[in-house]
Protein chains: 2
Amino acid sequence: MTRVTIKDVARIAGVSPSAVSRVFTDGASASEATREKVLAAARDLGYRPSLLARGLVGTRTNLVTLVMGRMNDPFDALFLDELAEALAARGTRLMLASAGRDAPGDSGLLQALDYKSDAVIVAAGTMSPEHAGLCVRAGLPVILSGRVLDAPGVDSVLADNVGGGRQAADLLIRTGCRRLAYLGRGGATFSDRERYEGFSATAANAGRAVATTAVTDRDHNAVFQAATDLLAGPAPPDGLFASTDSMAVAAVEAARAVGLSVPGDIAIVGFNNVPMAARRSYRLTTIDYPISAVVSGIMDLLDSRLADPDRPSEIRRIPTRLVVRETTREKAPAQERLP
Amino acid sequence: MTRVTIKDVARIAGVSPSAVSRVFTDGASASEATREKVLAAARDLGYRPSLLARGLVGTRTNLVTLVMGRMNDPFDALFLDELAEALAARGTRLMLASAGRDAPGDSGLLQALDYKSDAVIVAAGTMSPEHAGLCVRAGLPVILSGRVLDAPGVDSVLADNVGGGRQAADLLIRTGCRRLAYLGRGGATFSDRERYEGFSATAANAGRAVATTAVTDRDHNAVFQAATDLLAGPAPPDGLFASTDSMAVAAVEAARAVGLSVPGDIAIVGFNNVPMAARRSYRLTTIDYPISAVVSGIMDLLDSRLADPDRPSEIRRIPTRLVVRETTREKAPAQERLP
DNA sequence: CTGAAAGCGCTTACAG
DNA sequence: CTGAAAGCGCTTACAG
């Protein structure tokens with residue numbers, strides 16, 4: 001119940017609290033004799049510096065706040081896992097600011113201030129430039145993951161969604177698909193908009209139109225239903241790109257349900273490359289989201305921003321990689337190659 | 001850069017810092033006039049009480065630390081999501097203590113002390129009774145999720161794994177399976193051991209032996225391979241229970257790969273009831289893990305323990321629910337019913 | 001109801 | 001290298 005403090009250690013070691021503090025501070029000046037006495041006393045007493053007190057007085061807390069929404073896609077856990085790992089390796093603590101129902105991004109941002117986080121990583125919700133600016137002005141670095149915001153001092157790192165959409169379109173077109181479709185969130189998220197942009201622009205260049213289907217509900221039954229509606233029509237698409245693997249997989253199931261062969265009748269491409277996409281039941285062709293590189297980028301920007309709070313904001317776009325599996329064709333059907 | 005403190009608010013409002021503190025403390029005594037002046041000043045200044053300072057001096061921090069391992073199963077994200085939501089609704093902050101590679105549970109436990117968490121929830125790693133006792137003695141309540149530990153003051157809440165294993169065995173036996181198998185982690189986790197225990201004991205009661213296959217690698221290819229080996233033999237099992245849905249799904253894929261029909265040749269039951277289990281491609285029969293009830297239980301125990309630190313430890317086992325889908329048969333084949 | 005004082009556990013200049 | 005002092009931003013008794 002009664003905590004071991006720096007004073008206790010000082011008393012047992014026969015030195016001043018300042019000396020103890022120095023021993024526990026990297027690059028401090030303490031004689032070897034002092035260091036030994038302090039360390040021994042600390043060990044005997046089971047002393048751990050209070051991060052509360054340290055954070056209150058010091059300039060750095062080694063605490064980062066992550067603003068996340070509901071984790072309703074397998075991708076979310078992959079990202080969080082990798083980020084937590086990277087932060088832990090760096091000795092940084094992670095506080096989770098769950099998106100409240102009202103203003104996910106914004107309220108989480110403010111929460112980061114309460115514990116004097118070194119930075120806030122925003123991976124969910126919409127960010128108002130005002131709140132972001134408020135944080136930056138309060139000395140709290142804001143790093144956006146998966147979206148960009150044009151505000152001074154706000155850094156971003158994200159997958160090259162536009163490029164990913166282009167890779168999907170290129171593959172589909174190259175392998176002879178003529179009636180393209182996009183299954184997404186109807187522009188509800190930043191990633192969804194960018195992926196659609198890359199896909200549709202590339203399709204347009206090749207003279208192909210894109211039918212779009214928007215799904216608001218992330219529940220897989222709803223997505224399955226929407227995909228079924230899309231595919232059950234008279235002239236169903238023969239090439240479909242989905243905003244996420246979860247949706248793509250629902251589309252694969254919908255195709256099978258309506259008797260369309262994949263990739264014979266319809267080729268399907270997802271995005272993220274979650275483990276499920278690789279399973280035998282799907283073998284989904286997809287665009288790999290470079291999670292590790294994105295997380296490394298976040299760590300880099302964190303270091304840079306901490307080292308120089310006034311540096312201009314930076315946006316890092318990490319290239320995606322096409323992973324061809326079995327829901328797309330190898331090449332265009334024979335007749336496609338004729339003029 | 002320069003933080004708005006309680007003094008700033010006090011000055012602007014023309015009152016003492018103590019008065020400001022009271023206004024921001026529930027159930028404090030402040031006149032309506034004071035309250036209004038303070039709130040107005042706080043709003044104008046954008047004041048937010050420092051949780052660092054508050055935690056340092058106060059008795060409660062409203063902070064809880066969660067010790068988790070790598071999130072390599074879809075279930076982990078479901079649990080974390082629900083827990084984060086429940087904590088947020090309660091106004092409690094969540095700190096993530098990622099399992100380091102060395103001593104997952106233990107080091108996370110200690111981390112909880114550094115920020116004076118109100119409690120630590122342990123959902124991963126093995127817990128030594130010594131460290132748990134150390135925390136309890138230090139006044140840090142320990143709540144175990146998904147495992148139990150016989151230590152005074154340590155509470156637990158978990159799914160009734162044994163009962164779940166029994167439900168699986170009952171179903172398999174009732175529907176005529178004769179050669180039972182268990183696909184699990186070889187006793188590597190608490191849950192795995194309990195699920196196997198319930199399954200094998202029930203099977204033994206019915207006079208059935210259980211072939212077991214242990215998988216150490218959580219990668220789905222490794223599980224698929226192990227399941228394939230199990231099913232490709234001369235007398236493959238006709239009823240299989242897997243420790244998790246992820247494994248069960250790999251088993252379904254293995255069965256299909258070796259030409260066994262599911263549930264015709266082999267019935268398969270999973271555990272957890274993750275969204276993937278419900279997908280068209282699997283329609284997996286499984287044991288539902290009562291996440292909401294487990295999380296509610298954790299919240300309950302948290303409240304109780306905080307209200308009375310000295311109460312005896314409590315273990316809550318939440319019943320599981322059998323979810324019958326299409327990887328198991330409706331009833332025993334005809335010949336099974338003859339003597 | 002209200003304010004002055006003390007203190008939470010630490011670190012940071014400042015002398016020595 | 002080392003210790004005494006001041007202070008981080010708050011809350012908690014204590015008087016009034």
* Structure fact -> Output row for DNA chain D, stems defined as at least 3 consecutive Watson-Crick or G-U pairs under 3.5 Å, is C:1-3 with D:14-16, C:5-12 with D:5-12, C:14-16 with D:1-3
* Asked: Listed by chain and number, what are the salt bridge (Lys or Arg N to Asp or Glu O under 4.0 Å) partners of B:Arg316, not counting sequence neighbours?
  -> B:Asp300, B:Glu314
* To do: Could you tell me the separation between the CZ atom of A:Arg60 and the P atom of C:dT11, rounded to a whole number of Å?
  => 15 Å
* **Short side-chain N/O contact from B:Ser31 to OP1 or OP2 of C:dT2, under 4.0 Å** => yes
* To do: Enumerate the residue pairs fulfilling ring-ring contact (aromatic ring centres under 6.0 Å, His included) with a member in residues 24-52 of chain B, sequence neighbours excluded, ordered by first and then second residue.
  => B:Phe24-B:Tyr47
* To do: Can you establish whether the number of heavy atoms outside A:Asp150 located under 6.0 Å from its atom CG is more than 12?
  => no
* Structure fact -> Taken in chain and number order and not counting sequence neighbours, the residues that satisfy side chain to side chain donor-acceptor pair (under 3.5 Å) with A:Ser145 are none
* Who passes side chain to side chain contact (heavy atoms under 4.5 Å, CB included) against B:Ser16, sequence neighbours left out? -> B:Ser18, B:Ala19
* Structure fact -> With sequence neighbours left out, the residues meeting salt bridge (Lys or Arg N to Asp or Glu O under 4.0 Å) with B:Asp192 are none
Identify all pairs in which a protein N or O lies below 3.5 Å from an N or O of nucleotides 7-10 of chain D, and state each distance.
{"unit_1": "D:dC10", "atom_1": "OP1", "unit_2": "B:Tyr47", "atom_2": "OH", "d": "2.8"}
{"unit_1": "D:dC10", "atom_1": "OP1", "unit_2": "B:Ser50", "atom_2": "N", "d": "2.9"}
{"unit_1": "D:dC10", "atom_1": "OP2", "unit_2": "B:Ile6", "atom_2": "N", "d": "2.3"}

* May I have all residue pairs that pass ring-ring contact (aromatic ring centres under 6.0 Å, His included) and include part of residues 63-91 of chain B, sequence neighbours excluded? => B:Phe75-B:Tyr289
* Under the side chain to side chain donor-acceptor pair (under 3.5 Å) test, which residues partner A:Glu36, sequence neighbours left out? -> none
* To do: Mind jotting down which residue pairs meet the salt bridge (charged side-chain N to carboxylate O under 4.0 Å, His left out) criterion with at least one end in residues 4-16 of chain A? Sequence neighbours excluded, please.
  => A:Asp8-A:Arg11
* In chain order, what residues pass the side chain to side chain donor-acceptor pair (under 3.5 Å) check against B:Arg317, with sequence neighbours excluded? -> B:Glu194
Shorter than 3.5 Å, N or O on both sides, protein versus nucleotides 3-6 of chain C: list them out with atom names.
{"unit_1": "C:dG3", "atom_1": "OP2", "unit_2": "B:Ser16", "atom_2": "N", "d": "3.1"}
{"unit_1": "C:dG3", "atom_1": "OP2", "unit_2": "B:Ser16", "atom_2": "OG", "d": "3.1"}
{"unit_1": "C:dG3", "atom_1": "N7", "unit_2": "B:Arg22", "atom_2": "NH2", "d": "2.8"}
{"unit_1": "C:dG3", "atom_1": "O6", "unit_2": "B:Arg22", "atom_2": "NH2", "d": "2.6"}
{"unit_1": "C:dA4", "atom_1": "N6", "unit_2": "B:Ser18", "atom_2": "OG", "d": "2.5"}

